[in-house]
2 protein chains.
Amino acid sequence: MLVRTNALTRRSIDGPLATLAGDQVACSEFRYRRGAEVFGEGEPAEYAYQVISGAIRTYKLLSDGRRQINSFHLPGDIFGLENGRAHRFSADAVVETEVRITRRHSLVDVMKRRETETNLVDLVTRNLQHAENHMLLLGRKTALEKVAAFLLEMDERLAHPNVMVLPMGRRDIADYLGLTLETVSRALSSLRDEHMLRFDGQTQREVVLLDRIRLAELDS
Amino acid sequence: MLVRTNALTRRSIDGPLATLAGDQVACSEFRYRRGAEVFGEGEPAEYAYQVISGAIRTYKLLSDGRRQINSFHLPGDIFGLENGRAHRFSADAVVETEVRITRRHSLVDVMKRRETETNLVDLVTRNLQHAENHMLLLGRKTALEKVAAFLLEMDERLAHPNVMVLPMGRRDIADYLGLTLETVSRALSSLRDEHMLRFDGQTQREVVLLDRIRLAELDS
DNA sequence: GGGCGCATTTGATTCAGGACAAACGGCTGG
DNA sequence: CCAGCCGTTTGTCCTGAATCAAATGCGCCC
């Protein structure tokens, strides 16, 4: 992997990874093209990553190609650290994405030394909590409830913007929710028809939530 | 909660919780009747638990009663520790179950002080890994694949016994796999008809796996 | 030991979501 | 500016699993 050195590429954007690591940890940045793989399932986990811009998806595949996306990582999110020594899933770029990279072990060391709230246990626990909620969604919610939950999750993570610009396409949403892309599309159309959302711009990726209350009711 | 003191109830059965805690942590035992609640979602998480005998299920509910079981905890398993200060899900006894109980914070303190492989991060990470695999199952596997995966998981956790005695009923299996109990029953019957398993004893809870190879093939 | 109740199986039917197919529309590159 | 290419929507049909409904069979309690 080509990793440019810190000195050459340091940007003005800072975040937990840089803040936490401070001067003690060498920190590089890297840019992934749309669809580029960050790491693959089974590979040794040498680095920790933080999204600067863009979006990363982490997922598992079945042998026949069926895919389950665990989570989407948006700017500020740290990922790749929750794995042990080997990655338990793959990660790639949903769109052109900038990532801050640091050596895993050095970051873990720093985290161990500290007793801050930004520690390793909390990071893994947050991932676990997300997974628990997602299991409930995957196992027990209907298509409409899943899509409503997805919209509210993204809305919250993007800090309730007026216009929500989704970096991922229908296929990605489907593989996150355990649906087909057609079912996702139909659910979105249905929510539009019910005036709970509206599409903005030319592409169908810019969504305006018109009624968060009713969306939340749908999401049991 | 009624917790008998260590001195009065100490048994011969030892395990990670007692071993790890040693003399520094007060350790009690408690018995739950079939169906009894150990803790509920949202309650403060004061204790950590280890199953001595029986089985515990942890689960989340939707408002209309739909249930998703996160995991089954069998003898030796520690649970309740992966939550933060408040429990993120409920736990109750699948059958009559003995549990070793200790105060959460004292156990966490002991774990922090140690640098063993039995530490908190690994415990939470194992839970996360299980959840990741389970999301793939819930989102992307068929009913037959789910049931085959369930049987193989239980087989492994019970150390490949000749006769596997399942503590949970069809409803519990269904709520773990995101299916209905009828579908689970049909899948099991189908696997029996295909000579991949056989029921033993009178109840249909004692299963003998006849062809682990073909079961594993089914489980993509 | 007999009868009741619960768990499980099995059968018939329905239905939510999947699969296949076609049309549309915006973006891209020649 | 046009053509081809995606990504998305929409339509139709199909199917796997859910739902509804019995029947069976075992354990337990009286």
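First the proteins, then the strands, lettered A, B, ... as listed; each starts at 1.
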Could you state the [atom1]-[atom2] distance from [X] to [N], rounded to the nearest angstrom?
X        : N      : atom1 : atom2 : answer
B:Asp175 : C:dT8  : CG    : P     : 12 Å
A:Arg170 : D:dT10 : CZ    : P     : 10 Å
B:Arg205 : C:dC6  : CZ    : C1'   : 10 Å
A:Asp172 : D:dC6  : CG    : P     : 16 Å
A:Arg171 : D:dG7  : CZ    : P     : 9 Å
B:Leu137 : D:dA17 : CG    : P     : 12 Å
B:Phe199 : D:dT24 : CZ    : P     : 19 Å
A:Lys146 : C:dG17 : NZ    : P     : 8 Å

In terms of side-chain heavy atoms of [X], which of [options] is nearest?
X        : options                : result
B:Thr183 : D:dA17, D:dT9, C:dC27  : D:dA17
B:Leu179 : D:dT8, C:dT8, D:dA17   : D:dA17
A:Glu182 : C:dA19, C:dG17, D:dA17 : C:dA19
B:Gln202 : D:dT8, D:dG27, C:dC27  : D:dG27

Closer to the 5' end of DNA chain D via nearest nucleotide, is it B:Val184 or A:Leu181?
A:Leu181
So B:Arg140, base contact, sugar-phosphate only, or nothing? Heavy-atom distance under 4.0 Å.
nothing
Classify the ring geometry of B:Phe89 against B:Phe39: parallel below 30°, tilted from 30° to 60°, perpendicular beyond 60°.
tilted
If the cut-off is 4.0 Å, is A:Ser189 near the phosphate of D:dT10, judged by side-chain N/O to OP1 or OP2?
yes
Does the base of C:dG11 carry an N or O that pairs as donor and acceptor with the side chain of B:Arg186 under 3.5 Å?
yes
Does B:Arg171 come within less than 4.0 Å of B:Glu182, counting only side-chain N to carboxylate O?
no
B:Leu188 or A:Lys141: which one's nearest nucleotide on DNA chain C is closer to the 5' end?
B:Leu188
For B:Tyr49 together with B:Phe30, are the ring centres under 6.0 Å from each other?
no
With heavy-atom distances below 4.5 Å as the criterion, would you say the side chains of A:Arg192 and A:Phe199 are in contact?
yes
Does A:Arg104 count as lying over the ring of A:Tyr47, i.e. NZ or CZ under 6.0 Å from the six-ring centre, within 45 degrees of the axis?
no
